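Each remark here refers to the structure printed beneath this line.
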Amino acid sequence: MSSAFEEYFAGLKGKKIAVLGLGVSNRPLVRLLLEYGCDVVGCDRTPREKLDPEVLELEKLGCRLHVGDGYLEGVEAELLFRTPGMHPNNPAIEALRGRGAQVTSEMEVFFEVCPCTILAVTGSDGKTTTTTLISEMLKAAGKTVWLGGNIGTPLLPLVRQMKPGDYAVVELSSFQLMDMKRSPQRAVITNLAPNHLDIHRDMEEYVDAKKNIFRHQDSSGLLILNADNAITAAFRGNGQTRFFSRLGKAHVCLEEGVICRGGEKVLETSDILIPGVHNVENYMAAIAMVEGLVDDDVIRHVARTFGGVEHRIELVRVKDGVKFYNDSIASSPSRTIAGLRSFRQKVILIAGGYDKHIPYDVLGPEICAHVKKLFLGGATGEKIRAAVLACPEYDPRELEIVDCGSFEPAVRAAAAAAKDGDVVLMSPASAAFDQFKNFMVRGDFYKKLVKEL
């Protein structure tokens with residue numbers, strides 16, 4: 001008997017299909033469509049001279065390219081796969097729809113043909129960590145898990161390897177959810193706050209998109225919501241709705257430093273390796289999501305061993321009693337402030353990088369309150385120093401500032417200054433482009449330096 005996947009793609013043979021956006025997530029989709037004999041045109045704003053070799057390889061395989069300015073002009077298609085970053089009501093999409101094109105997305109088709117149970121996470125903050133925690137808990141319980149979606153891995157090309165007893169754990173953005181007509185069996189909304197209003201028409205559209213994660217569930221569905229968030233607290237699912245709360249009573253709640261579920265103790269927050277109250281909430285959401293699928297001892301094992309999502313207050317190494325954390329994702333003062341507030345003790349901070357010409361004034365008081373030694377490098381180093389020196393709370397006897405010029409000397413100097421019991425946090429409050437391609441390359445280089453110590 002043929003699978004839903006085979007039936008869907010076999011039915012596309014010979015059809016004219018346009019794929020909008022040739023970023024990392026859509027490239028495996030193009031290969032898949034070509035494999036099944038589709039007539040594929042790939043559309044991307046990037047001019048031809050700046051295309052990746054991988055995109056040019058797709059052209060050799062038979063994909064026609066419409067790229068650069070006017071990349072959506074003159075496109076004809078029976079089926080349109082839009083990139084998540086493109087609004088479904090984009091005029092070009094509307095025009096194609098008006099000419100009879102059906103509009104879908106890689107994620108929507110995945111939900112249609114996936115043979116296994118789907119668990120999905122959305123929200124304004126904490127999506128990636130919560131999705132990863134659910135995946136780690138299921139894997140530690142011996143389940144076969146497929147992790148992807150907005151978290152980075154395109155799942156549709158992997159469907160042929162999935163079995164009915166597996167679990168797909170998916171992070172979903174508001175853009176992916178906007179025109180979804182299916183919902184997962186289990187869903188979490190971590191929280192909602194104003195976000196992406198540069199693309200969404202208004203807050204109402206943003207919230208409405210998020211609701212698609214549970215809107216199409218039936219009575220067997222499970223919806224997990226944050227009771228402490230005013231927006232999510234008002235939602236109700238079509239099946240079972242359960243709440244988690246750090247501040248009050250709920251199905252999963254906090255009682256004297258212990259996360260409890262249904263009145264039973266599950267996890268002491270002191271066992272959670274990754275720091276910050278926001279991560280306590282992420283664990284609460286994950287614990288609610290895996291109820292009935294994962295034993296509590298497995299949850300405790302994950303809490304004691306999971307070092308965090310890469311580049312987000314990620315524990316890299318403990319050496320001679322010193323904990324080294326990688327928070328390379330922190331490319332702005334607000335991100336670094338969140339990182340600093342995650343630790344109960346004053347830290348040794350490595351900061352500075354590419355100058356995006358944003359103010360650093362707000363960072364000064366936070367560094368004075370949470371940092372005992374500051375090692376600076378990069379173009380913003382002087383700005384960060386000035387913000388600290390301008391702070392009335394600054395005391396040179398309590399806070400040592402060292403200008404190191406660039407990233408590597410700052411890392412080595414911070415490591416040399418650290419003693420047993422210290423926390424060394426690389427949280428630059430700046431973009432990486434002065435020395436690195438992106439924050440991920442910077443984070444990888446930091447980890448390499450730390451592991452070589």
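It should be emphasised that the depicted structure is a prediction, and the values quoted were computed from it without experimental measurement.
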Task: Backbone of Leu192 reached by a side-chain donor or acceptor of Asn229 within 3.5 Å - done: yes
TODO: Please report the closest heavy-atom contact between Ser342 and His278, naming both atoms and the distance.
DONE: OG-CE1, 3.2 Å
- [ ] For residues Leu267 and Ala303, report the shortest heavy-atom separation together with the two atoms involved.
- [x] CD1-CB, 3.6 Å
Task: Ion pair check, Glu255 and Lys265, cut-off under 4.0 Å - done: no
TODO: Return the minimal non-hydrogen interatomic distance between Asp434 and Gly378, and the atom names on each side.
DONE: OD2-CA, 3.6 Å
Open item on the list: Rounded at 0.5 Å granularity, tell me how far CZ in Arg215 sits from OG in Ser183.
Closed with: 8.5 Å
Open item on the list: How about CD on Glu264, more than 12 heavy atoms from neighbouring residues, nucleotides or ligands closer than 6.0 Å, or not?
Closed with: no
Open item on the list: Is any side-chain heavy atom of Phe445 closer than 4.5 Å to one of Val411?
Closed with: no
Open item on the list: Return the NZ to CG distance between Lys127 and Asn282, rounded to the nearest 0.5 Å.
Closed with: 11.0 Å
Open item on the list: Once rounded to the nearest 0.5 Å, what's the spacing between atom OG of Ser173 and atom NZ of Lys210?
Closed with: 6.5 Å
Task: Asp44 side-chain N/O to Leu22 backbone N/O, donor-acceptor pair under 3.5 Å - done: yes
Open item on the list: If only side-chain N and O atoms count, and only distance matters, is there a donor-acceptor pair under 3.5 Å linking Tyr206 with Ser124?
Closed with: yes
TODO: Assign the ring pair Phe214 / Phe235 to parallel, tilted or perpendicular, where the plane angle (0 to 90°) is split at 30° and 60°.
DONE: tilted
Task: pair Met86-Leu72: side-chain heavy atoms closer than 4.5 Å - done: yes
- [ ] Might you work through the side chain to side chain donor-acceptor pair (under 3.5 Å) test for Ser245 and Asp228, ending with a clear yes or no?
- [x] CA-CA 6 Å; Ser245 173; Asp228 303 334; 2.6 Å; yes
Open item on the list: Checking the side chain of Arg182 only, and the main-chain atoms of Glu108 only, is there a donor and an acceptor separated by less than 3.5 Å?
Closed with: no
TODO: Kindly indicate whether the side chain of Leu374, heavy atoms from C-beta on, has any atom under 4.5 Å from the side chain of Ile384.
DONE: yes
TODO: Before giving the answer on side chain to side chain donor-acceptor pair (under 3.5 Å), spell out for Tyr360 and Ser430 the whole-Å C-alpha distance, their side-chain angles and the decisive distance to 0.1 Å.
DONE: CA-CA 10 Å; Tyr360 281 82; Ser430 314; 3.2 Å; yes
Open item on the list: Quick one: does any side-chain atom of Glu171 pair with a main-chain N or O of Val121 as donor and acceptor, under 3.5 Å?
Closed with: no
Open item on the list: Checking the side chain of Asp202 only, and the main-chain atoms of Glu204 only, is there a donor and an acceptor separated by less than 3.5 Å?
Closed with: yes
- [ ] Please name the pair of heavy atoms, one in Met162 and one in Cys114, separated by the smallest distance, quoted to 0.1 Å.
- [x] SD-SG, 4.1 Å
- [ ] May I ask you to test the Arg385-Val388 pair for a side-chain heavy-atom distance under 4.5 Å?
- [x] no
TODO: Kindly check if the number of other-residue, nucleotide or ligand heavy atoms within 6.0 Å of NE2 (His216) is above 12?
DONE: yes
TODO: Using only heavy-atom distances, determine whether the side chains of Arg442 and Ser328 contain a donor-acceptor pair under 3.5 Å.
DONE: yes
- [ ] Mark yes or no for whether Asp422, through its side chain, and Lys419, through its backbone, hold a donor-acceptor pair below 3.5 Å.
- [x] yes
Task: Neighbour count above 12 (heavy atom, 6.0 Å) for Lys447 NZ - done: yes
TODO: Over 60° means perpendicular and under 30° means parallel, so classify the ring planes of Phe439 and His311, tilted if in between.
DONE: perpendicular
Task: Side chain proximity check, Asp403 to Leu376, heavy atoms < 4.5 angstrom - done: yes
Open item on the list: Would you compute the distance between atom CD of Glu268 and atom CD of Glu256 and round it to the nearest 0.5 angstrom?
Closed with: 11.0 Å
- [ ] For the pair Ser406 (side chain) and Gly377 (backbone), establish whether a donor and an acceptor sit closer than 3.5 Å, ignoring hydrogens and angles.
- [x] no
TODO: For the residue pair Val294 and Leu138, establish whether any side-chain heavy-atom pair is separated by less than 4.5 Å.
DONE: yes
Task: Residue pair Leu222, Gln185: steps toward the side-chain contact (heavy atoms from CB on, under 4.5 Å) verdict - done: CA-CA 6 Å; Leu222 174 64; Gln185 286 90 337; over 6 Å; no
Open item on the list: Check this for me: Asp395, atom CG, are more than 12 non-hydrogen atoms of other residues, nucleotides or ligands nearer than 6.0 Å?
Closed with: yes
TODO: Could you check if a side-chain atom of Leu254 sits within less than 4.5 angstrom of a side-chain atom of Ile259, using non-hydrogen atoms only?
DONE: yes
- [ ] Please name the residue in the list Thr130, Thr128, Ile134 that meets the side-chain contact (heavy atoms from CB on, under 4.5 Å) test with Thr132.
- [x] Thr128
TODO: Please check if the side chain of Asn226 supplies one atom and the backbone of Asn191 the other of a donor-acceptor pair under 3.5 Å.
DONE: no
TODO: Output the distance between atom CD1 (Ile350) and atom CD (Glu408), rounded to the nearest 0.5 Å.
DONE: 11.5 Å
Task: For Met107 against Leu172, the heavy-atom pair lying closest together - done: CG-CD2, 3.6 Å
TODO: In sequence, state the C-alpha distance, the side-chain angles, and the governing distance for Thr104 and Phe81, and then conclude on side-chain contact (heavy atoms from CB on, under 4.5 Å).
DONE: CA-CA 5 Å; Thr104 188; Phe81 282 85; 3.7 Å; yes
- [ ] Look only at the side chain of Asn212 and the backbone of Met178, and say whether a donor-acceptor pair between them is shorter than 3.5 Å.
- [x] yes
- [ ] Check the pair Ile348, Val322 against side-chain contact (heavy atoms from CB on, under 4.5 Å), reporting the backbone distance first and the verdict last.
- [x] CA-CA 10 Å; Ile348 295 172; Val322 179; over 6 Å; no
TODO: Apply the test side-chain contact (heavy atoms from CB on, under 4.5 Å) to residues Leu449 and Arg412: give CA-CA distance (whole Å), side-chain angles for both, the deciding distance (0.1 Å), then the verdict.
DONE: CA-CA 8 Å; Leu449 293 176; Arg412 296 196 185 282; 3.3 Å; yes
TODO: Search all heavy atoms of Val309 against all heavy atoms of Glu314 and return the closest pair with its distance.
DONE: O-CB, 3.6 Å
TODO: Output yes when a side-chain donor or acceptor of Asn438 lies under 3.5 Å from a complementary backbone atom of Val441, and no otherwise.
DONE: yes
Open item on the list: Is any side-chain heavy atom of Tyr446 closer than 4.5 Å to one of Phe407?
Closed with: yes
- [ ] Would you give the length of the straight line joining atom NZ of Lys211 to atom CG of Leu223, rounded to the nearest 0.5 angstrom?
- [x] 11.5 Å
